[in-house]
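To keep things clear, I will list the structure first and then write my remarks on it.
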Protein chains: 2
Amino acid sequence: MSSKEAKTRTKILEATWKLMEQNQGQGVRMSDIAKSAGVSRQAVYLHFESRVDLMNATTKYVDEVLGLDERLQCVSDAPSATKALELFIEVWGNYIPEIYGLSKALLAVRDTDEAASKAWDECMSCLRNASRDIVEGLNQSKVLSSQWTNDAAGDLLWTMLSVQNWEQLINDCGWSQTQYVDGMTKMIQASILD
Amino acid sequence: MSSKEAKTRTKILEATWKLMEQNQGQGVRMSDIAKSAGVSRQAVYLHFESRVDLMNATTKYVDEVLGLDERLQCVSDAPSATKALELFIEVWGNYIPEIYGLSKALLAVRDTDEAASKAWDECMSCLRNASRDIVEGLNQSKVLSSQWTNDAAGDLLWTMLSVQNWEQLINDCGWSQTQYVDGMTKMIQASILD
DNA sequence: TTCTTTGCTTGACATTGTGTCAAGTGTATC
DNA sequence: GATACACTTGACACAATGTCAAGCAAAGAA
């Protein structure tokens with residue numbers, strides 16, 4: 001019964017995800033995760049090498065479950081490049097709250113751990129590539145502001161849509177989710193469109 | 001000789017600052033700081049309650065030494081609101097690299113420690129107020145884009161100028177310092193000016 | 001049914017870094 | 001010479017990660 005192993009693994013991943021979101025990525029111990037998953041602390045170490053390894057695996061797991069790629073599908077199907085930009089901001093902007101806790105946890109260890117950094121970058125590269133594609137589309141439709149190169153506009157778009165900016169506007173400035181999406185859309189349109 | 005006490009205190013603060021910048025705020029232990037300051041580890045605890053207390057004190061110290069307020073003086077003296085915006089972005093943008101290491105360290109503990117959060121917010125409120133003032137000036141000069149309220153534009157300006165955005169553009173996107181200042185200026189002008 | 005393997009448990013232990021405590025040292029000052 | 005002060009020294013408590021070895025219970029093979 002090798003499915004038992006997989007089941008336990010999934011239980012641990014689910015518990016990790018849940019706790020990370022509950023506590024916004026802060027102060028979640030290995031023993032908390034084990035308890036929440038209904039297994040011993042050591043069982044966690046039988047499935048994952050270390051805390052960082054577990055977090056990376058959880059990131060991958062969450063990514064599969066939530067399916068950002070599929071959500072971004074509708075962006076590719078957009079009738080125009082400008083509409084694609086709008087949809088992109090909306091889809092990603094509404095995705096952030098779902099992954100916020102885990103993101104925070106990953107970002108916190110990113111600086112001290114090479115593997116975590118890689119995991120985060122991998123996750124982000126999806127967004128970065130999407131940003132580049134959008135900008136490329138805008139450029140081909142001749143609506144990209146002439147003051148930017150494709151690369152610069154892509155970097156800016158990607159940076160503006162960072163989890164940290166979302167966090168700052170929502171948490172520190174008290175913006176609502178709709179305010180965020182609307183505001184970001186207006187701001188980005190103003191800065192990179194002609 | 002109460003000046004000896006102050007001297008030791010300063011030595012510790014200087015050592016903390018130096019190590020934080022050297023290691024970009026990561027993996028700096030109390031014993032490292034003590035050794036670098038040339039005092040015993042316990043001496044550090046005689047001057048500062050805890051690690052977080054020390055970091056907050058260092059933040060204050062650095063703030064005094066570098067004098068952001070004075071640097072921002074030239075912004076107030078600007079001949080026009082639009083020029084003030086330009087100068088603001090330049091002064092702050094060039095200030096970031098000087099406080100980057102310490103900022104990272106402070107941001108890292110911000111989520112787990114109330115006192116650190118307060119210290120950071122206090123430091124940021126200076127920038128936030130400046131952002132508000134700039135926007136207010138732009139509004140009075142009738143050059144603020146009509147799509148924003150004063151508050152929203154202030155929040156956006158402040159968010160765009162975050163240390164994290166600087167970090168992402170410089171470290172992840174490989175922008176140079178000049179590219180950052182120029183890019184930010186163009187982007188912000190495009191988004192909040194008429 | 002018995003034997004073995006597999007997945008997990010249990011409890012002990014090493015390690016690292018923070019923070020505390022108490023006794024001791026050296027040195028200006030009265 | 002006595003005193004107070006700033007710091008040192010070394011031991012300790014504590015929390016969290018990660019390791020190790022022995023054991024247990026159930027599934028599958030003989």
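To find a chain, count down the sequence lines: A is the first, B the second, and so on, and within it residues start at 1. Atoms considered below: every heavy atom in the structure, side chains included; atoms not considered: hydrogens, waters and symmetry mates.
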Pairwise N/O distances under 3.5 Å, protein to nucleotides 7-9 of chain D:
residue, atom, partner, partner atom, Å
D/dC7, OP1, B/Thr8, OG1, 2.1
D/dC7, OP2, B/His47, NE2, 2.8
D/dT8, OP1, B/Ser40, N, 3.2
D/dT8, OP2, B/Ser40, N, 2.8
D/dT8, OP2, B/Ser40, OG, 2.5

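- One can place CG of B/Asp53 at 14 Å from C1' of C/dT18, the figure rounded to the nearest angstrom.
- When the ring-ring contact (aromatic ring centres under 6.0 Å, His included) test is applied to B/Trp92, the partners found at least two apart in sequence or on another chain are B/Tyr95.
- A/Phe48 has its CZ atom 14 Å from the P atom of C/dG7, to the nearest Å.
- The salt bridge (Lys or Arg N to Asp or Glu O under 4.0 Å) contacts involving residues 184-194 of chain B comprise nothing, where partners must be two or more places apart or lie in separate chains.
- Applying the ring-ring contact (aromatic ring centres under 6.0 Å, His included) criterion to A/Phe48, with sequence neighbours excluded, gives no partner residue.
- Checked against ring-ring contact (aromatic ring centres under 6.0 Å, His included), B/Tyr61 has no partners two or more places apart in sequence or in another chain.
- Here C/dC8 presents its C1' atom at 10 Å from NZ of A/Lys11, a figure rounded to the nearest Å.
- If you take CG of A/Leu54 and P of D/dT17, they are 11 Å apart, rounded to a whole angstrom.
- With sequence neighbours excluded, no residue forms a salt bridge (charged side-chain N to carboxylate O under 4.0 Å, His left out) with B/Arg41.
- For A/Glu49 and D/dT17, the CD to P distance is 16 Å, given to the nearest whole Å.
- Between the CD1 atom of B/Ile33 and the P atom of C/dG19 there is a distance of 10 Å, rounded to whole Å.
- Note: OH (A/Tyr45) to P (C/dG11) measures 18 Å, nearest angstrom.
- Listed by chain and number, the residues in a side chain to side chain donor-acceptor pair (under 3.5 Å) with A/Asn171 are A/Tyr100 (sequence neighbours excluded).
- Annotation: proximity of residues 14-32 of chain B to DNA chain C (heavy atom, distance under 4.0 Å) is found for B/Arg29, B/Met30, numbered in ascending order.
- Two residues are said to be in side-chain contact when any heavy atoms from C-beta on lie closer than 4.5 Å; B/Gln168 and A/Asp155 fail this criterion.
- The side chain to side chain donor-acceptor pair (under 3.5 Å) search around B/Asp111 returns A/Lys104, not counting sequence neighbours.
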